[in-house]
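The basis for the numbers below is simple: all heavy atoms, side chains too, and nothing from hydrogens, waters or symmetry mates. The chain is numbered in sequence order, starting from 1. This is a predicted model, so every value here is computed, not measured.
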Amino acid sequence: MTSNKTKYIFVAGGVMSGVGKGVATASIGRILKEYGFSVTAVKIDPYINVDAGTMNPVEHGEVFVTEDGLECDQDIGNYERFLDQNILKTNYMTTGSVYQAVIQKERNLEYGGKCVEVVPDIPNEVIGRIKNAARINRADFVLVEIGGTVGEYQNMLFLEAARMLKLTEPANVLFLLVSYLPIPQMVGEMKTKPTQYAVRTLNMAGIQPDMIIARSSVPLDNERKKKISVFCNVADHNVISAPDVDSIYEIPINFEKDKLGLRIVNHFGLTGAKKNFNKWKNLVGRVKNKKLLSVKIGIAGKYFASGAFTLADSYISVIEAVKHAAWANNRRPVITWLNAEGYEKNPRALTKLKEFDGIIVPGGFGSRGVEGKIKVINYARTNNIPFLGLCYGLQLAVIEFARNICNLKKAHTTEIAPDTVHPVICTMSEQLANIANKNLGGTMRLGSYVCEIKNGTLAHKIYGSGMICERHRHRYEVNNKYIDELEKKGLVRSGINPDKNLVEIIELPKHKFFVATQFHPELKSRPLNPHPIFRSFIKAAISK
Ligand code: GLN
């Protein structure tokens, strides 16, 4: 690199949301990494919520958790998966968190008696955070994704921050618009006008995009590329075609067909950068290989939505972790949704579970669908079907075992049945005050904690190590008062948090594969580094 100043790429969305701005941002990051640059990515969400932790997954999609315990948007998960590196809390902000910080500084007299104003103090706080992320990550490139769509009232101050940063560092900032080009059925041709309007709207905010990623169902033809170039004032080689693809992991390679990486490198006048895409290409080769045998996994969930977000969004990290592990085992993943509530009304449907090579009960909250999930776990346990329980999945597996093997018929979690006579899952004492005081934002057991693995267990074989770290997001735990009883009947605690003696992993040794974790291993799975627990689960699922 000829310049040692950090470069900032702002990514905004045009025309409509949900066209893959987050994955586009992550893909640009991957490309720049393949060119040998150090890269990090920042997500800005325009809502008032201080973090994503208090939102229902049906409305907002999965809540992702960082190593350092921030509950954030699923795009941070996309960045981690594509970049194959951790993204920390420095790299996430919302309107709520920015205002909260500015107001706190004002209360602390940190503005030196000045009148604190929306502009420039809010954009300045945003710029400070972006620069902090650059410094902490020692990044050559910081990608900054501005949530929402241009023209929305909510994200104006973030666009203002982008404009102000460009004003002070014109050589270090690039603006990129990810826009959608519809093909109306009755017209049958791709329309560029909405994108032209989106650019005009950006212009009104004082921003001229340097590049446009043109999302559509099909590739952009030359005529359209020229039209966008002329009417949007962007060089035609900087208009990048981004058609729909089967797998999101193809996107970096697709962008490279239009030489996106080189365009960025040239924009900043950086010389001598050489790319090496071999590993990623190898991965995509496996992803696209239709000849691979399948592995059929059923996921018993409850976040079946109408609404803006689909089921796939609610469980995105679990789905991606299954895919990564399947590809690593040279299998084609086939994932089926099992509506847990359905098994409550119709237990006979359980016999259909035999069709699956493996079953997952993922994380969750509240009572809906819980009895159905417990029935699914019981079926997997008694029919020797490989089973993986994640967080709530572990808690419900313990309840199932307590009820049906230890004969504690009323066993339950105090999350649902606070007065149960057998609270096999209960909350830690420090959480009681949080619950009583409704102090519920960002107060769960969050982020990375150590776990000691017991020798001679399946978990030990899986991790090949005695001490690991995994990410958590829960308020309830296995009640240690019941440990002796559970262990006597064959439940093995194969992972324990050494500081608080909390159960982190359980397994049933006589079963083909019955493992459940109090943490969320799916949060750490990446396509180039599939998680060992998921790998091993899939391996068991495909073994005869
Ligand atoms: N509801 C459970 C708890 O709070 C499990 C949470 C989860 O699955 N992430 O402990």
Side-chain angles (χ1 to χ4, degrees), residues 57-58 294-306 310-312 314-315 318-319 322 333-425 476 478-479 482 485-486 489-491 506-508 510-518 537 540-541:
V58 170
S294 67
V295 55
K296 295 192 196 112
I297 303 298
I299 304 181
K302 77 159 180 180
Y303 297 118
F304 293 82
S306 43
T310 62
L311 198 62
S314 306
Y315 297 108
V318 179
I319 298 168
V322 169
V334 177
I335 295 170
T336 304
W337 299 107
L338 311 172
N339 187 347
E341 278 178 289
Y343 299 103
E344 292 168 8
K345 290 174 208 124
N346 179 18
R348 292 231 306 276
L350 285 166
T351 54
K352 285 237 166 81
L353 297 179
K354 275 215 174 85
E355 288 166 18
F356 296 109
D357 300 313
I359 291 173
I360 295 178
V361 173
F365 294 83
S367 61
R368 192 159 61 82
V370 153
E371 291 305 323
K373 288 182 190 172
I374 292 174
K375 285 194 164 76
V376 169
I377 296 169
N378 175 270
Y379 194 87
R381 183 177 61 75
T382 52
N383 288 280
N384 210 20
I385 301 173
F387 167 79
L388 180 58
L390 306 169
C391 200
Y392 216 14
L394 173 140
Q395 298 173 359
L396 300 178
V398 169
I399 294 170
E400 191 281 323
F401 192 86
R403 285 185 189 173
N404 298 315
I405 300 291
C406 303
N407 209 22
L408 304 170
K409 294 289 176 220
K410 295 253 158 74
H412 221 317
T413 163
T414 55
E415 178 176 353
I416 297 178
D419 302 320
T420 176
V421 284
H422 291 304
V424 290
I425 306 296
Y476 295 82
V478 175
N479 186 345
Y482 289 89
E485 219 165 334
L486 294 164
K489 297 284 187 186
L491 189 105
I506 58 159
E507 57 188 71
L508 295 178
K510 289 194 186 119
H511 197 278
K512 193 168 174 190
F513 185 101
F514 193 103
V515 175
T517 62
Q518 185 55 77
F537 166 65

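The closest donor-acceptor contact from the side chain of Asp357 to the backbone of Ile297 lies at 3.5 Å or more, if one exists at all. Glu371 places no side-chain N or O within donor-acceptor distance of the main-chain N or O of Glu344, the cut-off being under 3.5 Å.
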Tabulate below the donor-acceptor pairs under 3.5 Å that side-chain atoms of residues 346-354 make, not counting sequence neighbours, or state none.
residue	atom	partner	partner atom	Å
Asn346	OD1	Arg348	N	3.4
Thr351	OG1	Arg348	O	3.0
Lys354	NZ	Tyr379	OH	3.4

Show which side-chain atoms of residues 414-422 pair as donor or acceptor with protein atoms under 3.5 Å away, not counting sequence neighbours.
residue	atom	partner	partner atom	Å
Glu415	OE2	Gly366	N	2.9
Thr420	OG1	Lys410	O	2.7
Thr420	OG1	His422	N	3.3
His422	ND1	Tyr482	OH	3.1

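Residues Cys391 and Gln518 have side chains in contact (heavy-atom distance under 4.5 Å, counting atoms from C-beta outward). No side-chain heavy atom of Ile385 sits under 4.5 Å from any side-chain heavy atom of Lys512. Under the 4.5 Å side-chain criterion, counting only non-hydrogen atoms from C-beta, Val424 is not in contact with Phe401. Leu408 has its side chain within reach of Glu485: a pair of non-hydrogen atoms, C-beta onward, lies under 4.5 Å apart. The shortest side-chain heavy-atom distance between Asn404 and Arg381 falls under the 4.5 Å cut-off. Side-chain contact between Trp337 and Ile299 is present, with heavy atoms from C-beta onward closer than 4.5 Å. Val322 has its side chain out of reach of Val295: every pair of non-hydrogen atoms, C-beta onward, lies at least 4.5 Å apart. Between Glu507 and Leu491, the closest side-chain pair of non-hydrogen atoms is not below 4.5 Å.
Ile360 pairs with exactly one of Tyr315, Phe387, Phe537 by the side-chain contact (heavy atoms from CB on, under 4.5 Å) rule, that one being Phe537.
Of all non-hydrogen atoms in Tyr392 and Gly364, the two that sit nearest each other are CD2-O, 3.1 Å. In this structure, Cys406 and Lys489 approach most closely via the heavy-atom pair SG-CG, 3.7 Å. What you find for Ala300 and Pro362 is that their closest heavy atoms are O-CD, 3.1 Å. Smallest separation of non-hydrogen atoms from Ile359 and Ala380: CD1-CB, 4.4 Å. Shown here for Pro386 and Ala541, the closest heavy-atom pair between the two residues is CG-CA, 3.9 Å. Across Ala340 and Lys373, no two heavy atoms sit closer than the pair CB-CG, 3.6 Å.
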Item to check | Step-by-step side chain to side chain contact (heavy atoms under 4.5 Å, CB included) determination, Ile374 to Arg403 | outcome: CA-CA 10 Å; Ile374 292 174; Arg403 285 185 189 173; 3.8 Å; yes
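The environment of Lys296 atom NZ is sparse: at most 12 non-hydrogen atoms of other residues, nucleotides or ligands sit within 6.0 angstrom. At most 12 non-hydrogen atoms from other residues, nucleotides or ligands lie less than 6.0 angstrom from NZ of Lys510.
We find that Arg368 and Glu341 are joined by a salt bridge, their nearest charged nitrogen and carboxylate oxygen being less than 4.0 Å apart.
Atom CD1 of residue Ile506 and atom CG of residue Leu394 lie 4.5 Å apart, to the nearest 0.5 angstrom. Remark: Asn479 CG to Thr413 OG1 distance equals 10.0 Å, nearest 0.5 Å. Between the CD1 atom in Ile319 and the CD1 atom in Ile335 there is a gap of 5.5 Å [rounded to 0.5 Å]. For the atom pair NE2 of His412 and CG of Leu396, the computed distance is 8.5 Å after rounding to the nearest 0.5 Å. Within the model, atoms OG1 of Thr336 and CD of Glu355 stand 8.5 Å from one another, a figure rounded to the nearest 0.5 Å. Atoms OH and CD1, from Tyr343 and Ile377 in turn, are 12.5 Å apart once rounded to the nearest 0.5 Å.
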